[in-house]
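Side-chain atoms are counted along with the backbone in the values below, which use heavy atoms only and exclude waters and symmetry mates. A, B, ... follow the sequence lines: proteins, then strands. Residue 1 opens every chain.
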2 protein chains.
Amino acid sequence: MAPPTETLTAERILEATEEVLRRHGPAKATVVDVARALGVSHGSVYRHFRTKAALREAVTKRWLDRTSEKLAVIAAGDGAPEQRLRAWLAALFEAKRHKAGDDPELFATYTVLTDENGTVVGEHIADLTAQLTRIIETGSASGAFTAADPAAAARAVFQATGRFHDPCYAREWQGPGIQDEFEAVVDLLVRGLAA
Amino acid sequence: MAPPTETLTAERILEATEEVLRRHGPAKATVVDVARALGVSHGSVYRHFRTKAALREAVTKRWLDRTSEKLAVIAAGDGAPEQRLRAWLAALFEAKRHKAGDDPELFATYTVLTDENGTVVGEHIADLTAQLTRIIETGSASGAFTAADPAAAARAVFQATGRFHDPCYAREWQGPGIQDEFEAVVDLLVRGLAA
DNA sequence: GGACTGACAGATATTGAAATCTGTCAGCTG
DNA sequence: CAGCTGACAGATTTCAATATCTGTCAGTCC
């Protein structure tokens, strides 16, 4: 299948694993499939990843990191904090909704993997919350927000918008009123922060 | 098992069904089991409920209605709207957390049933949101809240607190910081409503 | 004659044997 | 000798036969 005469790296294995997951889904994607896609024996894959779980965890981390990086650009922007907060939340929602709507099967795969890898997801959430904290801190400094504890406020904002980024709500992201609902929640939260 | 010489009512069937669900769990609870528990043939159960799904739906509705009724008392109370809102949300969270922590198996059963019965759950949510709307309307009238559209605000509050009542978060309700997180979100929302 | 039964057909779930997969490692290969 | 292979043991999954369940209805019993 793939060019067999090329050094086997963790990166190439991850790429092949994503492809296998895309093709077969999370339930039927095996380490043997990954090895076959790479034209090597499955023993070679175990040289780079101790277990199948570790391999899937690494794929999950890659996926989540891609989202983090995109949002970090917005968080580090230089607009008004309130606008940056709105843009950041909208981008998070849009990214998730887009993925879920575009390729529901792949999104289901992604959801299964995140369910298996609580630790990696926890780190991802910590990362996103840290980005939110920075936005709120900027706002507190400029007087746009009045948050005694920006980190706590960031956690509250993240949790209160869960309906618009948590995969367990994915099937509701295609409904008609969803955009209005998103804006209503964000307005309420921004008003609470600015109070 | 049960006294067989007594008229068979929908109510008695529902009671027996709850018991069977409690004992066997949602996957293994059959109509035959329910009939056996009542000392009748399963054909008799089908005289009162057209399908197994309808029977399970009726059980689900009963469960949800019990919660609605308890909360309606708080919603109709006569304290300050802000305090009533806080009390209502706290009662909703406490009720769910208590059920989930007390008897996780029964709660899992309840979760499976609600997943099957989207329509009934939708009505339940509409009911709860209507209660919230009434609280917010009172607050708008008295000047405690400034909500242009109380129904929309109610939906936003309900959705923003999903983490503290939606069963998909049940496993996180036992964690240590959860009470603080709940209060942080409620504070933020109340500030937003009062702004 | 209205409430109930129990046999039935088709759908669904259970079971256990066979196939596949995971993870290891001694040995091959370049 | 570093990287890879492929055979292997134990765990997991698949598959098909078997059993159980759902929903109906003609017939029984007050």
Side-chain angles (χ1 to χ4, degrees), chain A residues 1-61 105 108-109 112-113 115-117 120, chain B residues 1-60 105 108-109 111-113 115-117 120:
Chain A
M1 292 262 174
T5 44
E6 200 176 321
T7 47
L8 187 61
T9 62
E11 188 61 23
R12 280 189 65 219
I13 294 174
L14 288 175
E15 218 113 279
T17 305
E18 280 195 26
E19 179 59 20
V20 168
L21 282 165
R22 204 168 280 128
R23 268 199 216 292
H24 299 358
K28 308 187 85 186
T30 72
V31 176
V32 173
D33 289 331
V34 173
R36 193 165 25 233
L38 288 163
V40 299
S41 82
H42 74 280
S44 299
V45 173
Y46 280 97
R47 174 163 299 283
H48 292 84
F49 295 93
R50 271 205 305 294
T51 65
K52 182 188 183 183
L55 174 57
R56 290 165 77 108
E57 184 179 289
V59 169
T60 307
K61 185 161 163 37
E105 270 186 59
T109 295
V112 170
L113 287 229
D115 278 350
E116 307 180 339
N117 295 290
V120 169
Chain B
M1 293 261 172
T5 42
E6 200 176 321
T7 47
L8 187 60
T9 63
E11 188 60 23
R12 280 189 66 218
I13 294 173
L14 288 176
E15 218 113 281
T17 306
E18 279 196 26
E19 179 59 21
V20 168
L21 282 166
R22 204 168 280 129
R23 267 198 218 293
H24 299 356
K28 308 187 85 183
T30 73
V31 176
V32 173
D33 289 331
V34 173
R36 192 164 27 232
L38 288 163
V40 299
S41 83
H42 73 281
S44 300
V45 173
Y46 280 97
R47 175 162 298 282
H48 292 84
F49 295 92
R50 271 207 304 294
T51 64
K52 183 188 183 183
L55 175 57
R56 289 164 77 109
E57 185 179 287
V59 169
T60 308
E105 269 187 60
T109 295
T111 303
V112 169
L113 286 232
D115 279 349
E116 305 179 343
N117 294 290
V120 169

>> Tell me if a side-chain donor or acceptor on B:H48 pairs with a main-chain N or O of B:L8 at a distance below 3.5 Å.
In response: yes

> For DNA chain D, which residues in residues 46-56 of chain A have a heavy atom at a distance below 4.0 Å?
Replying inline: A:R47

> With respect to the phosphate group of C:dT5, does any side-chain polar atom (N or O) of B:S41 fall under 4.0 Å of OP1 or OP2?
Replying inline: yes

> Counting side-chain heavy atoms from C-beta on, which of C:dC4, D:dT22, C:dT22 comes nearest to B:V32?
Replying inline: D:dT22

> Any side-chain N or O of B:T7 under 4.0 Å from OP1/OP2 of C:dA3?
Replying inline: no

> Atom NE2 of B:H24 and atom C1' of C:dA13: how far apart are they, to the nearest Å?
Replying inline: 15 Å

>> Whole angstroms only, please: what is the NZ-P distance between A:K28 and D:dT13?
In response: 13 Å

> Would you say A:H42's side chain and A:T30's backbone share a donor-acceptor pair under 3.5 angstrom?
Replying inline: no

>> Assuming nearest nucleotide by heavy-atom distance, tell me which of B:G43 and B:D33 is located more 5' along DNA chain D.
In response: B:D33

> Should B:L14 and B:E18 count as side-chain neighbours, where that means a heavy-atom distance under 4.5 Å?
Replying inline: no

> Just by modelled atom types, is the B:P26 backbone N or O under 3.5 Å from a matching donor or acceptor in the B:R56 side chain?
Replying inline: yes

> When we call it a touch if two heavy atoms are under 4.0 Å apart, what does A:T30 touch: a base, just sugar-phosphate, or nothing?
Replying inline: sugar-phosphate

> C:dA3 P sits how many Å from B:I13 CD1, rounded?
Replying inline: 12 Å

>> Taking atom types as they are modelled, would you say the side chain of B:H42 forms a donor-acceptor pair with the base of C:dG6 within the 3.5 Å cutoff?
In response: no

> Taking the side chain as C-beta and beyond, is there a heavy-atom pair between A:T17 and A:V45 under 4.5 Å?
Replying inline: no

> Of A:V34, A:V31, A:V59, which is the lone residue that meets side chain to side chain contact (heavy atoms under 4.5 Å, CB included) with A:I13?
Replying inline: A:V34

